[in-house]
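Below is one structure, written out as structure tokens, with a few remarks after it.
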Amino acid sequence: MSHWIIVPVALPALIAAILILARRTTITVQRALSLAACIGLFGVALALFSAATTAPPEAYHLGNWPAPFGIVLMLDRLSALMVLLTSVLALVVVVYAIGADWDRKGRHFHALYQFQLMGICGAFLTADAFNLFVFFEVLLIASYGLMLHGGGRDRVRAGFQYVAFNLIGSTLFLFALATVYSVTGTLNMADLAVKLPTLPEGDMGLIRVAAVMLLMVFAIKGALVPLHFWLPGTYANAPGVVAALFAVMTKIGAYASLRFGTLVFPPDLAATGGLFADVLLPAALVTLAVGAIGVLGASSLPRLAAFAAIASMGTVFVAISGFTPATTAAALYYMLHSTLAGAALFLVADMVVRRLGDGALKAAGPGAFAGLLAALYLAAAIGSAGLPPLSGFIGKLLVLSAWSGAAALVWTVMLVATFLMILGFARAGTRLFWKSDPALPTVPAPASSEPFAYAALIGLIGLMAALTVFGGPVTAWLDATAAGLYDPSAYIDANRLYEEP
Amino acid sequence: MEALIAITIGALTATGVYLVLRQRSFPVILGLSFLSYAVNVFIFATGRVQTDAIPIIGEGRIYTDPLPQALVLTAIVISFGMTAVIVIMAIGGYLKAGHDRVDLDEDGR
Amino acid sequence: MSLALIAALPFLGAILCSLAIRWGRAACAVVAGLVSAAALSGILAHAPGVLDGQTVRTQINWMPALGLNANFMLDGLGLLFAILILGIGVLIILYARFYLSAKDPAGQFYTYLMLFQGAMLGIVLSDNILLLLIFWELTSLSSFLLIGYWKHLPEGRQGARMALAVTGGGGLAMIAGMLILGQIAGSYDLSVILTQKDAIQASPLYLPALILILLGAFTKSAQFPFHFWLPHAMAAPTPVSAYLHSATMVKAGLFVMARMWPVLAGTPEWFWIVATTGLVTMVMAAKIALFKDDLKAVLAFSTVSHLGLITMLLGFGTKAAAIVAVFHIINHATFKAALFMLAGIVDHEAHTRSLRRLGGLRTLMPVTFALTALASLSMAGIPPLNGFLSKEMMLQEAAATVWLTPWAMGLLATAGALLSVAYSFRLLAHGFLGPVRSDYPHAPHDPGPGLWLAPALLVGLVLAIGVAPMLTAAWLVNAAAGAVTGTVVETHIYLWHGLGAAALWMSLAAVGGGLATLGLYPRLRKAWDDTPRPEAKIVFDGAVMALTGLARRITDGLHDGGFARMGVVALAVIVAGSAAAFLTSSHAPGSRTMLTVTPAVAVVWIVIMTAMFAALRFHRDRLFALILTGIVGLLVAVGFAYLSAPDLALTQLTVEVVTVLLMLIALNFLPKQTPVESSMARRLRDGAVAAITGVGAALLTFALMTRDAAFAPISAFHLAQSKPGAGGTNAVNTIIVDFRGYDTFGEIIVLGIAALVIFALTETILHNRDAVAALKREGRASRAGDRQPMMLAVATRFLLPLTLIVGAYLFLRGHNLPGGGFVAGLVVAIAFLVQFIGSGFAWSQARQRLDHHLVLGAGVLVAWVAGAGAWAFGLPFLTSGYDYVTLWPLETFELATAAIFDLGVFLCVAGAVLLALASLSRLTQAARDARDDLPKGPV
Amino acid sequence: MTLAVEIIVSALLVLGGIFGLIGSYGLIKLRDGMQRLHAPTKASTIGVGTTLIGSAAGKWLVSGTGSTQEILVVLFLFLTAPLSALYLAKTHIFLNLDRRTLPDPQTGTSWATLEDQPEA
Amino acid sequence: MLRKVFPHPYLTVLLIAVWFMLVNRLAVGTAVMAVILGTLIPLVTAVWWPKRPRIKAPLALLSYAALVVWDVIVANFQVARIVLFMPADQIRSAFIRVPVDLQSREAITLLAGTITMTPGTLTADMSSCGKALLIHALHAPDPDAVRDDIKARYESRLKRIFE
Amino acid sequence: MILPLAFDFAIGCFLVALLMNLWRLFSAPTITDRILVVDTMTINVIALVMLYGALIETSLIFEAALLLAMTGFVATVAYAKYLLRGSIIE
Ligand code: NA
Ligand code: NA
């Protein structure tokens, strides 16, 4: 049995605990610990990724209790991929946070950061529905702390809405989970997958209610319209570096929808049938539209980035709602891409905000921007809008081509949305980086050239480029992953339900 | 009994929802508390209720389902942590903004 | 050289240029020029084979699953365009070296230019339409950068945005079209698609695909009604205009039409759409060109017009017309690139491009004049220049084409030619002829050869092709046209077709008419100026402004920062979704027997319901509302106790009281009353939403409670294994610390994080000047005396040990009986909180030997170690063990590792609660503190 | 179990119930805020005390196992009742009472609740 | 030495007693645990009880407790009578000042608590110097008698125990 | 024989007391009274819980009663201190 599966949860938890105990040490020590943890997490994620690639899904029976009685972690290609994505982003963002001195601006940045990673990895790895709730809460509460990090004019009040709305979401999650348990008597996702096909007809109505409620929970996390209202205020007011890390948090909603939509409530399940698809597709299209319109109508760069994040979730959910191997593979590719692109955009926005004091889309004084930042904006915008040569374009092609068939509406919305986003990004970029207002005082040169921060940002762009260049192997890998999701027998078998571990 | 519990959960939910929709932070927090009562009782109740069936082995002949209880314990603790955080946020927001409205204005949204 | 490498070269050049700038502008130009030349020579090396009818291919599998592969091919059409792109590219690079001023960032320029060149080259070399799309969008992007190169010019920014919007938007349509095409053909490889004419034209999706692809082509090639962006792109530096708008970008649309000609052309749809668009564009743009004063604007609209001409020819769908189209592509590229560069020279020298401010340059700039004259005459279609040849052929084809009536096409084509003559002559006459003026903004004279060499070379080609077309161009036309039509082409180009040719007469009419038009110019101009027309820029800007404004209104309207809106929408969606899901399925009511209601239950129920409604009714009185909430919480705990859940009751009670303390601390800083500010309508709305949600929750509860689970619940295992497996009789506790200990691990971390967040936010507040000022204002309220009444202070001395022993009791028995680390942690925390209340924060803190952080961190660590300890035995995280120990004189007792985990829970909970409340209390200290310094002491 | 013991236990329960009732009734009946403070702090506490001792005895009678836990609860209530009462009295004095109705402490200082706070 | 291990010997005894009452089981294990906790908890909490009182007459304390319990039981009936049968307008409530001669904070607290628990009277406040208690009597036609009764019956005994 | 009746009587008394508390909660003239009512309510609830425990012959809900007593006290003091001093911990 490989204990490595728990390490993405255990390692950040341990480091966070040590960071709490070591809170009076110098920032250098804390940075070293946090960075080492991120590197370690990346290494472990890589190992898990390769294990998941070469071997069938593997279960980790916590407490050595047999499934479904104890909690089980599952390493399959999908969870390995999401953990790897998290670890990569975590590494990049922590480098940026250190490079931009963000971690000095408040207390406990690194401890909260590690807890955040613990929560995210835990959510991706768990195969227990209630445990998913617990790790949702871990990642959420850590995100509250990070979101408030360093204070800010409207940060706390925006944070209040974020917390309050998510508490409603958590309540809903609990309602759904209790309903699931009450009807089926189990919480293990594989066990549910086994049991639900034989559910008596008289219980179907209730399980459908649970399915819809779960989907709504994931939709809240994934910022699906009309459950997305929390996102603009939160992301636009969060520290840029935190918003960048949040790029992977919305993906948890997408991940969970995919997991539940293929494992627990697959399209061929009598009780729920096409429920997930029927709900997701229209909502996703509207989400994409709302996001794209927001990109065009945004008044500041952080807000623009927030709406770009909504649009990207729209695209992801459009792909997910297809519930075919092809659309799922496209969804996964786009998830990878949009995480990197979203993070890059938020980091650029952060650079701008820290340079100018705010990110309003208007001309700055002379000397505000070096060419490099404008170039990085361009790259991030290209990525977010889905233009070549970065991975967004490939992702969109994948989604469009996977959605062929009765797809006129999907295609139209996606292409028109892309058009609006191109307009929005071009407008924002030309206003901010090309225009300069000589009437304003010259913006003094930054105190530090922040090489680490720039390196992190360039790293993100490089990753998007790599995702493009290595699109062949990546899509092949994702195709196999998607195929596995629609044939979950290996996943279920790995749980060894009702057997002694 | 079941009907009474169902009505209670409904009322707790409705009270919570109504308060959550108010415009000031304090009632919203109270509303969230009510929602958490509601869902805690809901989890508990959907494990079916029994009197005199405490799930302590050896204490009786019948035991009520212990799992929902364990889930409620987790839920109570988590919602307590969340409440604590949102309370300090309400204070911070009020001290910085000078009012305790939950809606964000032009600049903040 | 591999085609992939050739296609990659310009991108490599872009990188090199961005690096080479540190060695100077010249270095950049040299690098760019050398790279372009290398690519050109690579292409030319393949030329012999291609001219022999072969197609050179390079295939690299990129994303086979998607059908996107890095497949390149070089056929006649590709060869023609590659030569244009790279050949003219080299000339532009040379020209730009001398054109750009010292303060222009040359490194960026050449980088962008090479990017653009690479994108263009990629389009024409692609053997895969998805790959082509990538390069297609890249041209939009790189042209955006080039057009906006002079960032300080508003026209530059607007022009760039407009070009990007129109061509990028068209590109998106083309994506859809190409995807449809690929799906009809079953492949995205051109080599496959081009063999599927019948399948494609028979498909019901042919027309949508055609329209979408043409949208891409028309926007790129500035065809009516998308022509308006091109003149505004003239804000770019002249080398950019010369490159993009003569030989490359705008020709990309033509390229795609030519490329797809074998499978798309030949249908009535194709003819009507393409030929008509081309015709209209040709005539209309030529007319506009006549009335523009800016040299570059004249050239821009002339370009649009000539692109229309070529489009029209492609639209005819005949082999002959396709040949002419190909030929005119070459000719137009040569004279138009030259003219743009020459216009740039004039601008560079005279500091104006306005025909109204120019005139008489003939003597001042003889070289420029001579070159311009030749190029313009070619543009006008005057023999023996190359423009004449293709125009004649075009007129011939037009005359032979039936469009509405047999003669309409010929007539309109002649009109277009006429206008072309007119604006070409006007350009010469108003720019170079006439008297020398004394009011040029800058004294013009011929520049050095660096600037005129490139146009001179092109004019040389204009002349050479005109005089000896068969020698200089026919081979290329044959190859290209052969590729377009998919047949072997042997064209014969002559200057003289004989008197019987209709084209000759049409041509003569055009020249005569053109001269006459020029003669009437002042009158025509007045009529033109007096006619109100929609200005494309204003319309476009208005549209974009309106769109942006609408987007802003929608966005800000939807996301107005209102919290209740979020809530109402979310709840409505949740309830409606759940109801819909339920009602569209089958449901059988449950049949469990229900518990009876005793009087005690009824009374408690009445109290709880009354308290709840009172909380709603009196929620504005915040303290009372809090008290009522507390009552509800208390009675919920009692309900738990009644319904066989003592652990829940204990937890609920302790959590409840800590929450009350927390809320009281908060209320101290918050307003004590909630004002009435919701309208009745809003209250009704909220009430309705609340009521519906409540009814939904109640119905769901009732449905669930009155039925049994469909399958045996997993908790049967927990009950059965609680004692033998987990070593505890309290099944709830064994689930918490063992069966589902991992949940608990997460849960205590939630609590720990909450405390950290509270601590961090308190620090932030205490470091915020405004917040501290506000705190002090709150702190000045009138208060009773007696901060720590003696009675309580004394009693707490006594209560602390008493409560601690209760905590120890609850902790130690938890595994077997109600209690456990969580409740014990809370009880201990409450014990210390009572100390804080009774004896004061500072007094208690001074005696607190353990930092709360330490307790909290240690708790997480202990729980972690308890979990990871199992690894030492090769068991999974959180595997526990227990054993019975007999130690005389004690009874046999049990030692379980789960207790270590529970100790972690205990420490974490106690530490977190104390850290949270101590942090909050520091706000109170700050409020009381007259001085600015922050309270010290371990927290 | 003898009838006599059962009667005693029952009497304790009945008495406890009555005292509990009186405490809550006093809350309604008594007119003055200070008076109302007396009822629950005494009657209810005594009521609950009597009841618990009665029920402990009852349990002992029924199952034969003694229980000391009820006594602990009672002790705790007795220990804390004066503190609750003091705090409520102080609150009442501070918020609702006319201070002139109070006697003078005659110690040169004021009653603690009414003491002026320097930092206020 | 012993003082260091048992900073509050009475507390230790009390805690041991409480532990037995909590566990409600007579066994060696209970005793061991009781002793451990009875020793540890006073040690840990010693700093929170800095100036511990000296009980001069422990036995007197026990008899005082018995007296109070008796008074509580007996006098409760008086309150019951007042609440149940006396018309509201006939109840003669009064604030009474009781000067305190006790020095020990613990003793004063005990006195105040006794006053509250014995029916009819209630400690409402204390002078800021701690030299006087403000007593509220539910029905006290003769306030001075109440004051004298308190001083004689309780304060004098407490004085003997603590001072 | 009479013991069950006595139990029922005691329970009935405390239930009626609880209803009286409820009545008083809303008719209370001052906030002090309300806190007092809640305090009384807690005491009555403790009695009910312990009586119920004796009735079903379990000692497992004794801790609930003990914690009720403890939390009721802390809450009452905290409410009062809040009204007196604003800040409960200072
Ligand atoms: Na008394
Ligand atoms: Na009390």
Side-chain angles (χ1 to χ4, degrees), chain B residues 1-2 4 6-11 13-15 17-21 23-24 26-27 30 33 37 41-42 45-46 48-51 53-58 63-67 69-70 72-74 76-78 80-81 83-85 87-88 90-92 94-96 100 102-104 108-109, chain C residues 559 561-564 567 594-595 597 605 609 612 616 619 622 625 629 636 643-645 648 651 655 659 662 666 669-671 674 677 686 690-691 693-695 697-698 701-702 704-706 713 715 718-719 722-723 729-732 735-736 740 743 747 750-751 754 757-758 761 765 771 774 916:
Chain B
M1 184 74 183
E2 277 76 359
L4 288 191
I7 293 171
T8 311
I9 290 169
T13 309
T15 307
V17 166
Y18 185 80
L19 290 179
V20 161
L21 298 178
Q23 299 179 53
R24 304 286 176 149
F26 195 83
L30 285 187
S33 295
Y37 292 147
V41 179
F42 179 80
T46 52
R48 287 94 192 167
V49 293
Q50 276 175 314
T51 55
I54 297 174
I56 288 178
I57 312 301
Y63 305 111
T64 190
D65 190 339
L67 187 57
Q69 294 194 19
V72 175
L73 277 180
T74 304
I76 291 178
V77 177
I78 287 175
F80 167 66
T83 307
V85 168
V87 161
I88 178 82
I91 298 175
Y94 175 69
L95 291 177
K96 282 184 184 168
D100 61 345
V102 293
D103 293 349
L104 294 176
R109 67 195 177 201
Chain C
H559 310 90
F563 181 68
M594 294 189 235
L595 292 182
V597 179
W605 185 76
M609 293 296 285
M612 221 180 311
L616 273 181
H619 76 87
R622 293 181 173 185
T629 314
V636 166
L643 295 168
S644 318
L648 285 191
T651 311
V655 164
T659 308
L662 201 71
F669 298 112
L670 294 173
T674 303
E677 50 192 352
D686 295 346
T693 314
V695 168
T701 313
F702 190 75
L704 291 169
M705 287 184 80
T706 49
S715 52
H718 301 138
L719 284 168
S722 183
K723 182 71 180 153
T729 54
N730 183 352
V732 175
I735 292 175
I736 290 283
R740 297 186 68 91
D743 275 347
E747 156 201 332
V750 168
L751 207 54
V757 173
I758 291 168
L761 186 54
I765 293 172

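Reminder, nothing fancy here: chain letters follow the sequence lines and each chain counts from 1.
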Which atoms of B:Tyr18 approach chain C - backbone, side chain, both or neither, heavy atom under 4.5 Å: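 It is both, since atoms from each part get that close.
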Taking side chain as everything from C-beta outward and backbone as N, CA, C, O, which of these in B:Ser33 sits under 4.5 Å from a heavy atom of chain C? Side chain, backbone, both or neither.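 For B:Ser33, the contact with chain C is made by the side chain alone.
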Decide whether B:Asp65 and C:Ser715 meet the rule of one side-chain donor and one side-chain acceptor closer than 3.5 Å.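 Per modelled atom types, B:Asp65 and C:Ser715 side chains form a pair under 3.5 Å.
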Whether the C:Glu747 and B:Thr74 side chains hold a donor-acceptor pair (N or O, under 3.5 Å, no angle test) is what I'd like checked.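 Yes.
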Please identify, among [options], the residue contributing the most non-hydrogen atom pairs under 4.5 Å to chain C.
| options | result |
| --- | --- |
| B:Val102, B:Asp100, B:Leu19 | B:Asp100 |
| B:Gly92, B:Gly81, B:Pro55 | B:Pro55 |
| B:Val85, B:Ile57, B:Val72, B:Ile78 | B:Ile57 |
| B:Val87, B:Ile9, B:Leu73 | B:Leu73 |

Heavy-atom pair count under 4.5 Å with chain B, highest-scoring of [options]:
| options | value |
| --- | --- |
| C:Val597, C:Thr651, C:Leu616, C:Asp743 | C:Leu616 |
| C:Ile758, C:Ile765, C:Leu751, C:Val750 | C:Ile758 |
| C:Pro671, C:Ala774, C:Ala731 | C:Pro671 |

Can a donor-acceptor pair be found, under 3.5 Å and without considering hydrogens, that links the side chain of B:Tyr37 to the backbone of B:Thr13? no
Atom group of [X] that falls short of 4.5 Å from chain B, counting heavy atoms:
| X | result |
| --- | --- |
| C:Thr693 | both |
| C:Met609 | side chain |
| C:Ala645 | both |
| C:Val732 | both |
| C:Arg740 | side chain |

Check: C:Arg622 and C:Thr674 side chains under 4.5 Å, non-hydrogen atoms: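 Yes - at least one pair of side-chain heavy atoms lies under 4.5 Å apart.
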Is there a side-chain contact between C:Phe702 and C:Met594 (heavy atoms, below 4.5 Å)? yes
Stepwise side chain to side chain contact (heavy atoms under 4.5 Å, CB included) check, B:Glu2 with B:Arg48: CA-CA 9 Å; B:Glu2 277 76 359; B:Arg48 287 94 192 167; over 6 Å; no
Could you report the tightest heavy-atom contact between B:Leu4 and C:Trp605, atom names first, then the distance?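 Smallest heavy-atom distance, with atoms named: O-NE1, 3.2 Å.
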side-chain contact (heavy atoms from CB on, under 4.5 Å) partner of B:Val17, the single match among B:Leu21, B:Val20, B:Thr15: B:Leu21
Which of these passes side-chain contact (heavy atoms from CB on, under 4.5 Å) with C:Leu643: B:Thr51, B:Ile54, B:Thr64, B:Val41? B:Thr51
